[in-house]
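Report on the following structure.
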Amino acid sequence: WYNKDDMKALAETFKRYFQFRGRADRREFWIWVLAMLAVSVPIVCVLAVIAVLFGNTARHPVAEGVFHATIDLLGLFWLVMFLPSLTVSVRRLRDAGITPWLLLIPAALGTFTLLVLMDRALYNMSPNTTANWSETFAFVLTSVTALVDIVFLILFCLPSKKDSIK
């Protein structure tokens, strides 16, 4: 289901861990995405199974421990893989002839959305809540973030350009 070229593409991303210069072809980028998913999805599935089986893990100390350890493992994995993911994304956009600075749009929008949703969750948990946060605003913000992510998914699929941005 894989060949040596796929492993070379994955190894190339790790070799260029801190390198924002240069280009990454579609193969290198999508092999990286596939590898990230191959590790992340099973960990998220374990979290989902624990949540479904045990519901409130506070009543099940072993399940709670496994749940928190799994979340810690996933967080550590994403933290370690953030920089190579960023560098391969920058190089992929450059290879497609698109300025890598555009990556600031989904980063800023995603951060803002996360902060709004966290504020909304904390506000709704407050015992003094008299007014309800605008659910429409949260829905629209989340939808716009999803649309921007879809646009970037399309940008990452664009073919290489010979005279791409340096």
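Heavy atoms of other residues, nucleotides or ligands lying less than 6.0 angstrom from OH of Y17 number more than 12.
Grouped by direct or indirect side-chain proximity (heavy atoms under 4.5 Å, Ile/Leu/Val/Met/Phe/Trp/Tyr only), L104 sits with W101. Cluster partners of I154, using a side-chain heavy-atom cutoff of under 4.5 Å among ILVMFWY residues and allowing indirect links, are I150.
In this structure, L86 is a member of the same hydrophobic cluster as F18, with clusters built from ILVMFWY side-chain heavy atoms closer than 4.5 Å. No chain of hydrophobic side-chain contacts below 4.5 Å, direct or via other Ile, Leu, Val, Met, Phe, Trp or Tyr residues, connects V52 to V49. There is no path of hydrophobic side-chain contacts, each under 4.5 Å, that joins L158 to L147. The same ILVMFWY cluster, assembled from side-chain heavy atoms under 4.5 Å apart, contains both M36 and V80. V41 and L76 fall within a single hydrophobic cluster, where Ile, Leu, Val, Met, Phe, Trp and Tyr are joined by side-chain heavy atoms under 4.5 Å apart, directly or via other members.
Shortest non-hydrogen contact noted between A35 and L10 is CB-CD1, 3.7 Å. Contact between R94 and P100 at its shortest, heavy atoms only, is NH2-CG, 3.6 Å. Across all non-hydrogen atoms, the minimal contact from T145 to G110 is CG2-CA, 4.3 Å. Closest approach of V148 and P106 over heavy atoms only: CG1-CB, 4.0 Å.
Of the possible donor and acceptor atoms, one in the side chain of R91 sits under 3.5 Å from a partner among the backbone N and O of Q19. One N or O on the side chain of R26 and one on the backbone of C157 form a donor-acceptor pair closer than 3.5 Å.
By the salt bridge (Lys or Arg N to Asp or Glu O under 4.0 Å) test, R27 pairs with D6, sequence neighbours left out. F152 meets the ring-ring contact (aromatic ring centres under 6.0 Å, His included) test with no other residue; sequence neighbours excluded. S40 is linked by a side-chain hydrogen bond (donor to acceptor under 3.5 Å, both in side chains) to W78, counting only residues two or more places apart in sequence or in another chain. Residues satisfying the ring-ring contact (aromatic ring centres under 6.0 Å, His included) criterion with F77, sequence neighbours excluded, are absent altogether.
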* To do: Please test D25 against W30 for side-chain contact (heavy atoms from CB on, under 4.5 Å), starting from the C-alpha separation and ending with a verdict.
  => CA-CA 9 Å; D25 61 3; W30 289 111; over 6 Å; no

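Atoms CD1 and CG, from I98 and L103 in turn, are 9.5 Å apart once rounded to the nearest 0.5 Å. Atom-to-atom distance recorded for L102:CG and L93:CG is 7.0 Å, nearest 0.5 angstrom. With rounding to the nearest 0.5 angstrom, the CG atom of L74 is 5.0 Å from the CD1 atom of I43. In this structure, the separation between CZ on R92 and OG on S160 is 5.0 Å, given to the nearest 0.5 Å. Atom-to-atom distance recorded for W32:CH2 and L37:CG is 11.5 Å, nearest 0.5 angstrom.
The closest side-chain heavy-atom distance from V88 to F14 is not below 4.5 Å.
None of R16, K8, K15 except one satisfies the salt bridge (Lys or Arg N to Asp or Glu O under 4.0 Å) rule with E28; the exception is R16. The side-chain contact (heavy atoms from CB on, under 4.5 Å) test with L109 singles out one residue from L141, L114, D149, and that residue is L141.
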